[in-house]
Amino acid sequence: MNDTDTSGGFAVDPADALTVTGSDGCCGTALKLPAAGGPCCGTQAEASAESSCCGGAAKSTAVAAGQGCCG
Amino acid sequence: MTAGLDALLARVDATRMAATVVRLAGDVFAGRRAGSAGGAAARDWLRDRLTGLGADVGVDPFPVRAVPVVRASPEAVWHDGSTEHRPAFGRQVLPHFASADLPGRRRGDLGIAGAGDPAGRWLLVPPSMSLFDAYGHGGGAAGLLVSRAVDADGWHYTLLVGPDPGPLPVLTLDPACYAAMSVSAASGRGWLEATAPIRRDDVTAANVHARWGNAGTVLLTAHYDGVGDLPGLRQPAASDNASGVAVVLEAARVLAPVLPDGLAVALLDAEEIGALGSARHAGQVREARPSVVNVDGAGLPREARPLVVNVDGAGRLGAAVAVEAGGPAHALLSMLDQAGRHTGVPLAPGPMASDNRRYAAAGLAAVGIGAGMGGYHSPADTPDRVDSGTLAAVCRLVVATTWLASGRLSSLIGDRR
């Protein structure tokens with residue numbers, strides 16, 4: 001928590017946060033899933049099978065890992 | 001150089017945030033689903049909290065259509081040919097949000113969608129088949145049965161966003177129950193008798209807006225709504241997202257008195273129904289942006305304001321805080337990176353499918369940050385799973401980022417990694 005801390009911030013290029021994989025899919029309805037983007041969690045096939053915007057198992061894993069998945 | 005910031009960071013109070021989480025997750029606010037009495041009560045409480053922090057506070061209502069509400073525990077009994085089973089509500093069976101309402105019991109043999117005569121049967125939908133395709137195979141069926149993974153605590157998670165209801169009742173089963181029913185369906189000996197009591201409410205949701213001074217450079221956001229309780233099952237929504245609200249309130253408490261140009265906060269409704277509150281607010285912000293290019297003290301064109309920092313999930317920090325950015329956010333990401341280095345909070349790119357996407361889609365620089373949720377969208381999302389250390393870490397990160405973005409320091413570069 002000070003100027004000498006060595007563990008904080010990004011370990012990669014911060015701009016990578018602008019191109020998060022599969023970041024186009026959620027927070028809308030499943031009917032609006034983009035053809036090229038894919039869901040934010042899991043595969044398009046998993047999301048489609050559950051009529052959801054995300055694959056269920058992948059969604060649980062992502063959330064447990066600290067990522068976000070709305071809806 | 002950083003003494004002013006360090007003094008602010010020292011003021012961040014994890015105990016205060018933990019108390020906010022407990023309060024928002026309490027029975028009085030009962031799940032905080034958009035349009036519910038609990039949601040309205042939470043909104044009133046948050047408005048008063050912000051007013052108490054010296055903000056100019058407003059509430060912006062908006063309509064939301066067809067919010068799915070499970071209005072009673074489904075009654076489900078199935079038989080495998082030799083033994084009767086009663087799946088547990090919430091753990092083994094839950095009405096699917098796309099289900100048609102089925103208030104009375106309906107009995108039928110078990111079958112497989114796409115195989116054999118569907119008439120009068122409860123059809124298990126193969127994992128490779130979409131629900132829409134299953135409708136095509138389900139003419140005259142009693143209903144559809146879909147498998148969905150449960151969480152580590154064995155709970156189904158509640159979903160409120162998705163397509164409009166289809167023509168058939170649909171029940172979601174845990175994988176073990178689904179597998180057992182599939183065996184019975186294949187043997188031709190199983191049957192199910194069940195209800196699917198679900199309705200859709202047209203409701204009024206509302207965002208809570210607060211501003212201090214001229215609203216500053218940064219807009220801090222978090223959604224306060226939850227997925228709501230189920231009949232007989234509390235779903236406190238502590239990590240998702242009482243924790244994010246607690247962080248934003250605490251950051252505002254620390255920052256607002258010391259930012260000459262002020263600060264803005266939006267506590268958003270209806271995130272769980274497709275980020276509708278932020279969709280509304282992002283459009284309002286876009287329309288209100290100045291058209292004249294100017295440069296403020298932070299070296300940012302005024303047209304770049306506000307920089308949006310959304311917090312969704314500050315319950316349990318693992319290896320790193322997940323960060324997703326959108327819009328023209330390079331400068332904001334640089335500030336966030338510096339803030340992370342200064343506060344010792346590790347950051348990693350990761351999906352944050354939350355309100356930040358609505359602001360980014362509106363052309364604003366936006367980052368979504370999240371640090372874990374326990375019991376996501378289930379009865380297990382309780383306050384005891386929200387880690388005070390995580391609340392403090394995320395709040396310090398937000399305070400330092402806002403401090404930088406507000407031009408109080410030109411840079412924290414010089415921190416040694």
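Here is how names work: the chains are called A, B, and so on, in the same order as the sequence lines, proteins then strands, and each is numbered from 1.
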Intermediate values then yes/no, side chain to side chain contact (heavy atoms under 4.5 Å, CB included), His330(B) and Leu18(A): CA-CA 8 Å; His330(B) 285 86; Leu18(A) 284 160; 3.3 Å; yes
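In terms of heavy-atom proximity, Ala17(A) sits nearest to Leu333(B) at CB-CD2, 3.8 Å. When every heavy atom of Asp16(A) is checked against every heavy atom of Pro349(B), the shortest pair comes out as CB-CG, 3.8 Å. Nearest heavy-atom pair, Gly344(B) versus Ser7(A), reported as atom, atom and distance to 0.1 Å: O-OG, 3.6 Å.
Note: Ala348(B) leads Ala360(B), Ala314(B), Ala348(B) in heavy-atom pairs under 4.5 Å with chain A.
Interatomic distance, Asp337(B) CG to Phe10(A) CZ, rounded to the nearest 0.5 Å: 6.0 Å.
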